[in-house]
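In what follows, a single structure is set out as C-alpha cells and then discussed.
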Amino acid sequence: MGQVLALDSLLHSRQVWHGRAAPVPSGSQPTGWAALDAVLPAGGWPEHAMTEILLPADGVGELQLVLPTLARLTREDRPVVVISPPYVPYVAGWEARGVVMSRVDIVQADERDVLWAAEQCLRSASCAAVLAWPAHADDRSLRRLQVAADTGKALSFVFRDRRHAVQASPAALRLELESTPAWQVRVRKCRGGNPPVSAVPLASGWS
Amino acid sequence: MSWACVLLPQLALDGVLRRRPPSDEPLVLVSGPAQARIVHAANAPARAAGIYRGQKLVAAQALLQQFTMIEHDAEDEGRWHRLLAAWAYRYSGEVGLYAHAVVLEVSRSLNLFGPWSRFESLLRNDLQELGFRHRVALAPTPHAAYVLAGMQDGIAVMSPEALRDALAPVPIARARLPDDATQGLPSMGIRTLGQVFKLPRAGLQRRFGENLVAQLDRLTGDEPTPMDSYRPPDAFEQRMEWTHEIEHVEALVFPLRRLTGDLAAYLAGRDGGVQRFELELEHRSGPPTHVTVGMLAAARDAALLFDCARGRLERLALHQPVMAMRLVARELPPFVPAGRDLFDARPVHAVPLEQLRERLRARLGEEAIRQLHRTVDPRPEKAQSDVTHVKAATSPETLPRPTWLLESPCPLRGPAPEVIAGPERIETGWWDGGDIRRDYYVVRTSQGQCAWVFCAPGEQGGWMLHGWFA
C-alpha cells in the first residue's frame, strides 16, 4: 500500500483493461449541411434518436437547419409530423426549400399534450421524423421521447429555449443555434464522440 | 359437403360473463316464475360449490351463502346467438342456426383457410377472444356435426362412409331425434344410433311416423337438409347492461372493448367497414348521453375501433352514473384495406399512420391534425389552406417567402432593423372585401433573425412583423 506505480508500466503489463469507445455506426441521415455533417460522429443526425436544438429566440434559422432533411424525407414519400409549432408553417416557404407538404402533418396540441403526441408519433414507427416544441419538458419526459424514438426508429427533433442548456439532457445530439454575430451552430453534446470545441458556421442566407 | 358445428353449451352464461370483468365470484343465472325460481346456469365457482342447472334456487342458496344472481334473458341469449352467426358468416356463405349451436358449410372455405386443423384453430381462437365456450365438430351433414359436437369436442369426420361408424355409438338420448322417438326407442331396448340404423325402415316409419325416418336420412346424408341460411343484418346494434351503476369512465373501458370487438367481428363477417358509430350511455333518469365516434376512413380493426372509441369516451365528463351502453352503427361503407409493402421492415408493434392520426384526433380534438396546401390567393393570410376543396396552386412561388407565418401581424419591437430586400407590394382583395395594400420587406433584426415585415406603401417604418425566415 502507498506504493506509487507509474501508469505506463501498469498498462504495459496489461493488468489494466483499456476501454475503448463503442464504434459509432455511420448513419444514413445527412443533415444537408456539409460543415455540420463533417463534425458529427455519425456523419449526420444520430439515427433512431432525439436531437435537441436550443434556440436564443424564435426565427433564428432553426427550420433552415432541418428543412433539407425534411425535404429529403418527404420526397422519399415518408411522413413527417410537426407538433405544436410556435407559428404557422408557411407553405410557400417550405415548398421553396423542397418539402412536399402533402406528407407533413401539423398537429395542434395543448401544452400538456405535446409530449404525449410526440411520443405516440415516435412510437408508432410510421413517421420518419417528428418535430416538437414542448413548452415544459423535464429530463424524464425527454428520456421518454428518446426511448420512443429508438423504439419507433424515427428522427426526433425537439426545439427548446437556450436557457435549458445548463440542464442535463438525454438527447443523443444537442445543438445550440447562435445568430449573432454570425449564423452558426455549437454542438453541446454528441453521442459517440467529443463535441467539437468551436462553433460550426453555416452558410448564411435568408432565403 | 362438409359442415362444421360450433356448439355453445353456455351461451346465456357466457353472454353475461363477457360483459363483466373476469372474476372468481360465483354467479348464477335464474329463470322461472317467482314462486319456483330455478337455476338456469351457473359459472365454474358456483358449480364447484355444488350448484347445478335445474336446481331450485332455494336449494342453491342453502349450498352457498353468497353469489351473484342474474335474471336469465332469453332475448339476450338470442342476440348473442345472432352475433355468433354474423361472426361465422365471415368463414362461410352458408350459416345456419340450431338451438345453442351455429353450423357452417366449410368444404369451400377450406380452400381459402387451409386444412381443417388450421381452420379449426382459427375458429377456436376467434371464439376464445370473443369469450364464448364452445365445442367444435366436423361432419358431412349439418345434423351429424351437431350431434357429434355434443358427443366429443374436436371430432372430425371427413367422409360419408366413416360417418355411420362415428354415429353408431351415439346414445339415443343425445342423438337429437324427435321427442317421441327419444322416449320410445330406449323402452324398446334400442340404446344407440347404430341399433336404429339396423332396424327395418318400414317398421320405424309405421311406429314413429315420417319424421324420424326423414331425420335419420338427414343425419346420414341420404337426404339433403333444408336450411334457412343466415343473412347478416344491415346495421349493427349491441347493448350491454349492468346490474350496478358505473360512475367512472375508466370502468366503461372493459365493456367498450367487448362492444368494439363484437362490431369488428360483425364487420369482418360482412366484409364491411365502419366510418361512424355512436355510443349511447343510458342513465337512470334523463336522456342518454350520445358519443359519436367518427373516423377519417372506413375501418374494421378491433384495436383501432377500440382506440378511437376510448379516446372519445375518456374526454367525456359523466354527469350521471351509467346503467347500460349501446353501440349503434348504421352506415357501413365498404372497407378498402390499406396496401402495405411486402418487404415492410417496420417493427412489429408499429401503428399504421391512419391509426396514429385517429388516436391523436381522439385525444386532441377533431381539428387537431391538418395538412396545409398553397392556394392561388396572393394575400399571405389566405395563401394557404387546410380545406381540401380550396383549389391548390400549381405554379411554384418564386418570390421570397418565410417559413414561419404569424397568425396575425404584430408590431416589430426593438431597434430599427436593417433592410435586406424589398419592397414587394401585395395589393389585392377587392373581390371579398378583405382589401390589403402593403409593402413587404425582408429585414434583419438586432438579434440576427430574418423577418418578413410590411409597412404602409411608400413608408419605411412602423414595421409590422408577419413572418420569420427561420
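Numbered from 1 within each chain, the chains take letters A, B, ... in sequence-line order.
Ranked by heavy-atom pairs under 4.5 Å with chain A, the first of B:Ala368, B:Gly467, B:Ala393 is B:Ala368. Chain B forms more heavy-atom pairs under 4.5 Å with one residue of A:Leu63, A:Ile83, A:Asp113 than with any other, namely A:Leu63. Comparing A:Val82, A:Leu177, A:Ile106 by heavy-atom pairs within less than 4.5 Å of chain B, the highest count is held by A:Ile106. Contact count against chain B (heavy-atom pairs under 4.5 Å) is highest for A:Asp58 among A:Val81, A:Asp58, A:Asp110. For chain B, the option among A:Ala96, A:Pro85, A:Ser102 with the highest count of heavy-atom pairs below 4.5 Å is A:Ser102. Heavy-atom pairs under 4.5 Å with chain B were tallied for A:Val107, A:Val91, A:Val99; the largest tally goes to A:Val91.
With a 4.5 angstrom heavy-atom cutoff, A:Val104 touches chain B only via backbone atoms. Neither the backbone nor the side chain of B:Arg361 comes within less than 4.5 Å of any heavy atom of chain A. Contacts between A:Pro79 and chain B at a heavy-atom distance below 4.5 Å involve the side chain alone, from C-beta outward. Interface residue A:Leu67: only side-chain heavy atoms are found under 4.5 Å from chain B. Heavy atoms closer than 4.5 Å to chain A are found in the backbone of B:Ser446, but not in its side chain. At a 4.5 Å heavy-atom cutoff, the contact between B:Leu372 and chain A is made by backbone and side-chain atoms alike. Residue contact with chain B, scored on non-hydrogen atoms closer than 4.5 Å, involves the backbone and the side chain of A:Cys121 alike. Interface remark: A:Glu95 contributes side-chain atoms only to the contact with chain B (heavy atom separation under 4.5 Å).
A donor-acceptor pair shorter than 3.5 Å cannot be found between the side chains of B:Arg444 and B:Gln449. Under the 3.5 Å distance criterion, with hydrogens and angles disregarded, no donor-acceptor pair is assigned to the side chains of B:Gln384 and B:His373. No side-chain N or O of B:Thr403 forms a donor-acceptor pair with one of B:Trp468 less than 3.5 Å apart. A donor-acceptor contact under 3.5 angstrom links the side chains of B:Gln371 and A:Asp105, judged on distance only.
A salt bridge links B:Arg401 with B:Glu424; the closest basic N to acidic carboxylate O contact falls under 4.0 Å.
One finds the OG1 atom of B:Thr260 at 9.5 Å from the CG atom of B:Asp307 (value rounded to the nearest 0.5 Å). Going from atom CZ of A:Arg188 over to atom CG of A:Leu173 covers 12.5 Å, rounded to the nearest 0.5 Å.
Taking the six-membered ring where the residue is Trp, B:Trp452 and B:His466 present parallel rings, their angle staying beneath 30° rather than reaching 60°.
Each of A:Val100, A:Val66, A:Leu131 was compared with A:Val80 under the side-chain contact (heavy atoms from CB on, under 4.5 Å) criterion, and only A:Leu131 meets it.
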